Amino acid sequence: MRVVIVETAQDAAAYGRDLFLAQLKYKPASVLGLATGSTPVALYQALIEAHQTQGVSFAEVTTFNLDEYLGLTGDHPQSYRYFMQENLFNHIDIALSNTHVPDGSAANADVACAEYEQQIVDAGGIDLQLLGVGRNGHIGFNEPSSSLVSRTRVKTLTQETIADNARFFAADEYQPTLSLTMGIGTIMDARRVLLIATGESKAEAMQATVEGPVSATCPASILQMHANAIVVMDEAAAAKLANAEFYRFVETQRVKLATQSVAA
Ligand code: F6R
């Protein structure tokens, strides 16, 4: 696991942007795994800017989102499909038919989940998967105790997650307690994973993710078992790491190595 500590949330978004742009340059027809929530918004804005000012194209890109609320249609303002339209898809040149979000209004959610898995396989698998992380270490809506080899399925949200996400719903608005989410096994199949965590509320989760045991109690800790996972966090989210100095040292060595190989 590569651990990158940057100063601010904006720096974390810029790091993510550079990684996504490099991926698109290397493979314009990339399959991208996307997340919702507050964390990726700045990164999506940076990608929109790259499209508008540098002509970066998403015309050949295919996307798969991590999760969706069960019971919400895609036109519901709190649905994750709606979020993606508003925060990214409506502002870039992606073909809508190439964007996938689990169907929260499917007549049979289990069938929809199985089909979602198959669609990912049919697209050739995910090249780069973006993740945020919950305060409790969840990734997607894989809450603590989720199977570490799970596939896309219906999951119940914890009270903590429901409370955290209540900010997006009006006081008298129906807030779902169930979701469709990629499984942890699905996420682990991505060829590359980028987790971004910002703010002090994520510090405990990041300590458990990076330095705790691999455990379903902190689902994000499974990334320790991924051969190509990058965890980027700001200083606030890194505040509880015991080995922060070492991770910083590793990054300085990487820069040095890169400079040397360019010079050579
Ligand atoms: C959303 C998702 C969630 C969020 C997590 C953090 O698609 O997969 O796991 O990434 O709840 O949310 P924020 O970024 O709002 O703190």
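Everything numeric here is computed off the predicted structure, so don't read it as measured data. Atoms within each ligand, like the ligands themselves, are counted from 1 in listed order.
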Heavy atom of the protein closest to [atom] (residue, atom name, distance):
{"atom": "atom 10 (O) of ligand 1", "value": "Gly132 CA, 3.3 Å"}
{"atom": "atom 6 (C) of ligand 1", "value": "Val133 O, 3.3 Å"}
{"atom": "atom 5 (C) of ligand 1", "value": "His138 NE2, 3.3 Å"}
{"atom": "atom 14 (O) of ligand 1", "value": "Thr39 OG1, 2.5 Å"}
{"atom": "atom 15 (O) of ligand 1", "value": "Ser38 N, 2.8 Å"}

* Considering residues at least two apart in sequence or located in another chain, which fulfil the ring pair (Phe, Tyr, Trp, His ring centres under 6.0 Å) criterion with Phe169? ->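 By the ring pair (Phe, Tyr, Trp, His ring centres under 6.0 Å) rule, Phe169 matches Tyr69.
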* **In one Ile/Leu/Val/Met/Phe/Trp/Tyr side-chain cluster, 4.5 Å: Val193, Leu148** =>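 Result: yes, single cluster for both.
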* Touching ligand 1 at all, Lys202? Heavy atoms, strictly under 4.0 Å? ->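 Under 4.0 Å: yes for Lys202.
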* Asked: Are a donor atom and an acceptor atom from the side chains of Asp11 and Thr8 found within less than 3.5 Å of each other?
  -> yes
* Asked: Based purely on interatomic distance, does Thr36 place a nitrogen or oxygen under 3.5 Å from a nitrogen or oxygen of ligand 1?
  -> yes
* Please confirm whether Gly140 comes within less than 3.5 Å of ligand 1 when only nitrogen or oxygen atoms on both sides are compared. => yes
* Asked: Is the count of non-hydrogen atoms from other residues, nucleotides or ligands lying under 6.0 Å from Gln10 atom CD greater than 12?
  ->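 Atom CD in Gln10 is not packed in, count stays at 12 or less.
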* Should the heavy atoms of other residues, nucleotides or ligands under 6.0 Å from CD of Glu49 be counted, would the total exceed 12? ->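 Incorrect, the count does not exceed 12.
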* Short question: side chain of Gln175, backbone of Ile162 - any donor-acceptor pair under 3.5 Å? -> yes
[X] and ligand 1 - part of the residue with a heavy-atom distance under 4.0 Å:
{"X": "Asn65", "result": "neither"}
{"X": "Asp67", "result": "side chain"}
{"X": "Arg167", "result": "side chain"}

* Mark up the atoms of ligand 1 that fall under 4.0 Å of a heavy atom belonging to Leu66, in ascending order. =>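 Answer for ligand 1: 8 (O).
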* May I ask you to decide if the ring planes of Phe249 and Phe246 are parallel, tilted or perpendicular, using 30° and 60° as cut-offs? => tilted
* To do: Apply salt bridge (charged side-chain N to carboxylate O under 4.0 Å, His left out) to the pair Glu7 and Arg248, showing each step before the final yes or no.
  => CA-CA 11 Å; Glu7 207 175 321; Arg248 289 184 223 276; over 6 Å; no
